[in-house]
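Step one of this worksheet: look at the structure below.
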2 protein chains.
Amino acid sequence: MSDVNERLKQFARYLDDQGLRYTSQRRVIAEAFYGSGKHLSLNEVLELARDKQGSIGFATVYRTMKLLAESGLAIEHRFDEDGVRYEPAGHDHHDHLICNRCGRIIEFEDEVVERRQEQVAKELGFRVASHRHEIYGECLRDPCPYESQSSQGRVTGVADTAARN
Amino acid sequence: MSDVNERLKQFARYLDDQGLRYTSQRRVIAEAFYGSGKHLSLNEVLELARDKQGSIGFATVYRTMKLLAESGLAIEHRFDEDGVRYEPAGHDHHDHLICNRCGRIIEFEDEVVERRQEQVAKELGFRVASHRHEIYGECLRDPCPYESQSSQGRVTGVADTAARN
DNA sequence: TTGTATGCAAAGATTTTGCAGCATC
DNA sequence: GATGCTGCAAAATCTTTGCATACAA
């Protein structure tokens, strides 16, 4: 929670720097986003935000998430199918393991891979700015193996977390 | 070219196996796709195909590329922005370096990374089925550094290749 | 013939934008 | 007041699908 407040403060500061306003909607949206799980779609954020303030519109969520992305406080992901998904940022970088069955998203980070890719890029005359590394497969722990053939339709919204941090 | 013909033959065989027809459109589309560069969008494939047979429609390209993807002869990519992009498949797996300036796409493959990710996934109780690894940055060689501020609008279609193989 | 394939246009799904009214400075 | 924000609805994109017609087996 302290973490959430920290984010809100950073967001407020960013808005102020840009001469923009920290409105109640923006606060509610950011709160919903940071307070909940991770990797949310716009509609998921909208739903959460509406739990707190029923009148919020999709466009506002859309624009607010863009602001968060611009400010660097959120990262826009385009995983395989589906549309855009946002992830709280600011922590250190990490990559993803995505379960093809239950849709769970596990985060990971690996120094070996990180260093090695820098090396590879360098060898090919390329300067690295960012990267994405996603591994698809099946998670073998927790309540997935292999997804109680029913509940979710496929890669859904709710995203878990694990590993690192 | 021998390679293109090889692909066409494989495609024809796949269609036959499925009880589908190897029509002139499908041949032209596959030819255009395999004969040209890599990582093409549907519209790019359409344009190339129309150079050979002006009457081809978008829907036919759309459906043909789906067939190629299903057959495993092409891979559907969803790089950052933009929409879907297809890449000729059948070779061994590889990943991508994408230049943020000129849009060039460089392919690479690295045993160290490949093995390491298997390891990481295993440690997290995850079985790997596939993965994507994309590095974004700037290419420092050839005619890019840094893109003669004009020509291309941004990440475009034409894709180069390099490294490995 | 008989079942596919094609091309066009319409339908869907998402993502963006325009605007009138509201809120904040 | 002036400028920025919101919510709604319309617009713009992209991706899929329905269908009548054209083909291939």
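Heavy-atom basis, side chains included; hydrogens, waters and symmetry copies ignored.
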- prompt: Whole Å only: how far is the CZ atom of R50(B) from the P atom of dT6(C)?
  reply: 14 Å
Below 3.5 Å is the cut-off: list the nitrogen or oxygen pairs between protein and nucleotides 3-7 of chain D, distance only.
from	atom 1	to	atom 2	distance (Å)
dT3(D)	O2	R21(A)	NH2	3.2
dG4(D)	O4'	R21(A)	NH1	3.3
dG4(D)	O4'	R21(A)	NH2	3.3
dC5(D)	OP1	R21(A)	N	2.9
dC5(D)	OP1	R26(A)	NH1	2.7
dT6(D)	OP1	T23(A)	OG1	2.6
dT6(D)	OP2	R26(A)	NE	3.4
dT6(D)	O3'	Q25(A)	NE2	3.0
dG7(D)	OP1	S55(A)	O	3.0
dG7(D)	OP2	G57(A)	N	3.1
dG7(D)	OP2	T60(A)	OG1	2.4
dG7(D)	N7	R63(A)	NH2	3.3
dG7(D)	O6	R63(A)	NH2	2.8

side-chain contact (heavy atoms from CB on, under 4.5 Å) against E31(A), all qualifying residues, sequence neighbours excluded: L8(A), R27(A), K52(A)
field: Rounded distance (Å) that lies between atom P of dT14(C) and atom OH of Y86(A)
entry: 15 Å
message: Using whole Å, what does the distance between atom C1' of nucleotide dT16(D) and atom CG of L46(B) come to?
response: 16 Å
statement: note: E44(A), atom CD; dT14(C), atom P; distance rounded to Å ~ 12 Å
Partner residues of K66(B) under the salt bridge (charged side-chain N to carboxylate O under 4.0 Å, His left out) criterion, sequence neighbours left out: E76(B)
query: CZ of R27(B) versus P of dC23(D): gap in Å, rounded?
result: 15 Å
query: Can you list the residues that meet the side-chain contact (heavy atoms from CB on, under 4.5 Å) rule with N43(B), with sequence neighbours excluded?
result: S41(B), L46(B), F58(B)
message: Without decimals, in angstroms, what is the distance between Y62(A) OH and dG18(C) P?
response: 11 Å
query: Expressed in angstrom and rounded to an integer, what is the separation of N43(A) atom CG from dT16(C) atom P?
result: 13 Å
message: Does dT15(D) have OP1 or OP2 under 4.0 Å away from a side-chain N or O of K66(B)?
response: no
message: Tell me every residue that passes side-chain contact (heavy atoms from CB on, under 4.5 Å) with Q53(B), counting only those two or more places apart in sequence or in another chain.
response: S24(B), Q25(B), V28(B), S55(B), I56(B)
message: Checking Q10(A) now: which residues fulfil side chain to side chain donor-acceptor pair (under 3.5 Å) with it, not counting sequence neighbours?
response: R7(A)
- prompt: Any salt bridge between E87(B) and R85(B), counting N to O under 4.0 Å?
  reply: no
